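Here the structure comes first, spelled out in structure tokens, and everything after it is commentary.
Because the structure is predicted, anything quoted here is derived from the model rather than measured.
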Amino acid sequence: MINRKAIGYITANYTSREHSVLLDSRPLASIPFMGRYRLIDFPLSNLANAGIKTVGLVMPGNWRSIMDHVGHGKDWGLDRKKGGLFPLPGNPYGATKQGMRFLLRDIISSKSLFERSDKPYVVLMGTNIIFNLDLNAVIDAHEKSGVGITMVYVHAERNQEDAMSLEIGDAGRVKGFHQGCHYGDNKFLDCVVINRDLLLQIIDQYSSADYLDLFEAIRPDFERIDVCSYEYKGLAMGFFNEETYFRRSMELLDPTTANKLFMRERPILTKAHDAPPAKYFSGAVVCNSRVSAGCEIKGTVRNSIIARGVTVEAGANVVNSIIMQSCVIKTGAHVENAILDKSNVVAANTELSGTPDDILVVGKAALK
């Protein structure tokens, strides 16, 4: 299936306002997730499942981990002669201002992508709010409404100061927005359908305000542009710091919650890895956990997410933790309430523990 109506545009060059060792060598978009995914897999999969075969990807300064994962876009059907995946130049320092996702300067730099397209619409997406959405339904609703822009939102299930709330009036028209989101607010999902011709007009008319976010720049003209909304009624999870990353990940250990995000009819696609299934040795105990391919489990794992190629030796315990790729938990070691980045080796009989309210985070290869 090829979508004849839209191209995609993903911004991957912004970061968290809070420092984290998890982001020392990678952007937020390539943070590992649920043992086998990256956050960028979700916007790519939403576009791929809608048949969108031309996607611009705005790159951060530290782009290498994204390109290592995405490559030419083969796993999302984007390695094509016509269309395909287009890495685009972005603000090299990323957009660090709270709520900024679609920096006008980046959109202006990508003008040629929009000019060369023959599709009438552009789907703009961020990477740190994940969801599984039927984009074709959004595009069809946008086309039927005849408006210039459609912004996708969900009724917020929790307070999030880093998210943006939409002010929605009659007939679903967006009157404005404000930073910060409280329970029940109209939480913007960083997902937009915009008329391509309108986007090109905005590029020309607002070029002097290129330091602003797209929506900050056009805020005074919302009524003239005719900005509408689309309510998404599924599961949406925002990742803004270490705490939200850990808590949202743990919530997905509940199969009922996970089934709202990972759907057979709209699969979340990721980079293929040729790895054998996880191997569970005699005496291993695994409970309420997600264990990825290539792991060797000889000890105990409870309420945890274990990425590819992790070894948990006999007598070792991993509880309520996220263990990323290629870590080794040695005999007698105990890891609890922790996030261990890639390639860490926890020494035998060592205890690494945080608390449920203060998660211990260990950077990449910090323990050897």
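- Remark: the backbone N or O of N136 is paired with a side-chain donor or acceptor of D134 at under 3.5 angstrom.
- Here the side chain of S292 pairs a donor or acceptor atom with the backbone of I306 at under 3.5 angstrom.
- Of the candidates N317, I322, I329, V335 forms a side-chain contact (heavy atoms from CB on, under 4.5 Å) with just one, namely I329.
- Shown here are the side-chain contact (heavy atoms from CB on, under 4.5 Å) partners of K330, two or more places apart in sequence or in another chain: E313, V328, V345, A348.
- At least one donor-acceptor pair under 3.5 Å links the side chain of N3 to the backbone N or O of A6.
- A donor-acceptor contact closer than 3.5 angstrom is absent between the side chains of D358 and T355.
- Here the shortest heavy-atom pairing between L113 and G8 reads CD2-O, 4.4 Å.
- Here the straight-line distance linking atom CZ of R290 with atom CG of L253 works out to 8.5 Å at 0.5 Å rounding.
- Residues A217 and L104 approach most closely at CB-CD2, 3.9 Å, considering heavy atoms.
- Within a 6.0 Å radius of CZ in R116, other residues, nucleotides and ligands contribute 12 heavy atoms or fewer.
- In summary, E216 and R219 do not engage in a salt bridge, as defined by a charged side-chain N under 4.0 Å from a carboxylate O.
- Using modelled atom types, one side-chain atom of S289 and one backbone atom of S304 make a donor-acceptor pair closer than 3.5 Å.
- Contacts of R26 classified as salt bridge (charged side-chain N to carboxylate O under 4.0 Å, His left out), with partners at least two apart in sequence or in another chain: D341.
- The closest side-chain donor-acceptor pair between R266 and N132 falls under 3.5 angstrom.
- Under the 4.5 Å side-chain heavy-atom criterion for ILVMFWY residues, a single connected hydrophobic cluster contains both Y121 and Y232.
- Between the N344 side chain and the L367 main chain, a donor and an acceptor come within less than 3.5 Å of each other.
- Both V55 and L269 belong to a common hydrophobic cluster when Ile, Leu, Val, Met, Phe, Trp and Tyr are linked at side-chain heavy-atom distances under 4.5 angstrom.
- Note: F262 and Y37 meet the aromatic proximity criterion, with ring centroids under 6.0 Å apart.
- Classification of the F42-F33 ring pair by plane angle, with boundaries at 30° and 60°, yields perpendicular.
- Smallest separation of non-hydrogen atoms from H334 and S353: CD2-OG, 3.9 Å.
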Could you walk me through whether D210 and R105 pass the salt bridge (Lys or Arg N to Asp or Glu O under 4.0 Å) test, one step at a time? CA-CA 4 Å; D210 67 348; R105 181 175 301 153; 3.5 Å; yes
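- By the criterion of side-chain heavy atoms lying less than 4.5 angstrom apart, applied directly or through intervening Ile, Leu, Val, Met, Phe, Trp or Tyr residues, L252 is not grouped with V301; the two fall into different hydrophobic clusters.
- Note that R158 lies outside the cation-pi zone of Y183, set by a 6.0 Å cut-off to the ring centre and a 45° limit from the axis.
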Go through E231 and N186 one step at a time and tell me if the side chain to side chain contact (heavy atoms under 4.5 Å, CB included) criterion holds. CA-CA 9 Å; E231 182 185 356; N186 304 314; over 6 Å; no
Stepwise side chain to side chain contact (heavy atoms under 4.5 Å, CB included) test for T300 and V318: CA-CA 6 Å; T300 299; V318 177; over 6 Å; no
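- Judged by distance alone, with hydrogens and angles left aside, the side-chain atoms of T331 form a donor-acceptor pair with the main-chain N or O of A314 at under 3.5 Å.
- Formation of a donor-acceptor pair under 3.5 Å by the R38 side chain with backbone atoms of I40 is not found in this model.
- A donor-acceptor contact under 3.5 angstrom links the side chains of Y14 and T127, judged on distance only.
- For CD of E351, the number of neighbouring non-hydrogen atoms (other residues, nucleotides, ligands) closer than 6.0 Å is greater than 12.
- Side-chain contact between L22 and I31: present, with at least one pair of heavy atoms (C-beta onward) separated by less than 4.5 Å.
- For the pair T11 and G126, the tightest heavy-atom approach, listed with the atom from each and the gap, is OG1-CA, 3.9 Å.
- Under a 3.5 Å cut-off, the side chain of D162 and the backbone N or O of F240 do not form any donor-acceptor pair.
- Taken to the nearest 0.5 Å, the CD atom of E251 stands 10.5 Å off from the NZ atom of K260.
- Across P32 and M324, no two heavy atoms sit closer than the pair CG-SD, 3.8 Å.
- A salt bridge links R173 to D226: at least one charged side-chain nitrogen sits closer than 4.0 Å to a carboxylate oxygen.
- Residue V138 is not grouped with residue V147 when hydrophobic side chains (ILVMFWY) are merged at heavy-atom distances under 4.5 angstrom, including chains of intermediate members.
- With contacts defined as side-chain heavy-atom distances shorter than 4.5 Å, the pair I218/I149 qualifies.
- For the residue pair A156 and H182, the shortest heavy atom distance occurs at CB-O, 3.5 Å.
- Cluster annotation: Y245 and L352 are assigned to distinct hydrophobic clusters (Ile/Leu/Val/Met/Phe/Trp/Tyr, side-chain heavy-atom contacts under 4.5 Å, transitive).
- Side-chain contact between L88 and D106 is absent, with no heavy-atom pair separated by less than 4.5 Å.
- E242 and S20 are linked by a side-chain donor-acceptor pair at a separation below 3.5 angstrom, with hydrogens and angles left out of the test.
- Proximity of I194 to I202: side-chain heavy atoms (C-beta onward) are separated by under 4.5 Å at one or more points.
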Taking it one step at a time, do K5 and D140 satisfy side chain to side chain contact (heavy atoms under 4.5 Å, CB included)? CA-CA 9 Å; K5 297 180 180 179; D140 289 344; 2.9 Å; yes
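- Under 3.5 Å, the side chains of D221 and Y206 contain a donor-acceptor pair of N or O atoms.
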Step by step, work out the side chain to side chain contact (heavy atoms under 4.5 Å, CB included) result for F222 and K175. CA-CA 7 Å; F222 262 38; K175 299 187 298 181; over 6 Å; no
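- Between the side chains of K364 and S25, at least one donor N or O sits under 3.5 Å from an acceptor N or O.
- Shown here are the salt bridge (charged side-chain N to carboxylate O under 4.0 Å, His left out) partners of R247, two or more places apart in sequence or in another chain: E243, D357.
- W76 CH2 to N46 CG: the interatomic distance, rounded to the nearest 0.5 Å, is 13.0 Å.
- Rounded to the nearest 0.5 Å, atoms CE (M125) and CZ (F131) are 3.5 Å apart.
- By the 30° and 60° cut-offs, the orientation of the rings of F215 relative to F188 is perpendicular.
- A donor-acceptor pair under 3.5 Å is absent between the side-chain atoms of T244 and the main chain of F239, judged by distance alone.
- Under 3.5 Å, the side chains of N337 and N320 contain a donor-acceptor pair of N or O atoms.
- Between H69 and D41, the closest side-chain pair of non-hydrogen atoms falls below 4.5 Å.
- Ionic pairing of D75 and K271 is not present here: no N-O contact between side-chain nitrogen and carboxylate oxygen is shorter than 4.0 angstrom.
- Within the model, atoms CZ of R196 and CZ of F114 stand 10.0 Å from one another, a figure rounded to the nearest 0.5 Å.
- Taking a 6.0 Å sphere around NE2 of H273, one finds it holds more than 12 heavy atoms contributed by other residues, nucleotides or ligands.
- A donor-acceptor pair is defined here as one N or O able to donate and one able to accept, closer than 3.5 Å; such a pair exists between the side chain of S321 and the backbone of V319.
- Atom OH in Y230 sits 10.5 Å away from atom CD1 in I139 (nearest 0.5 Å).
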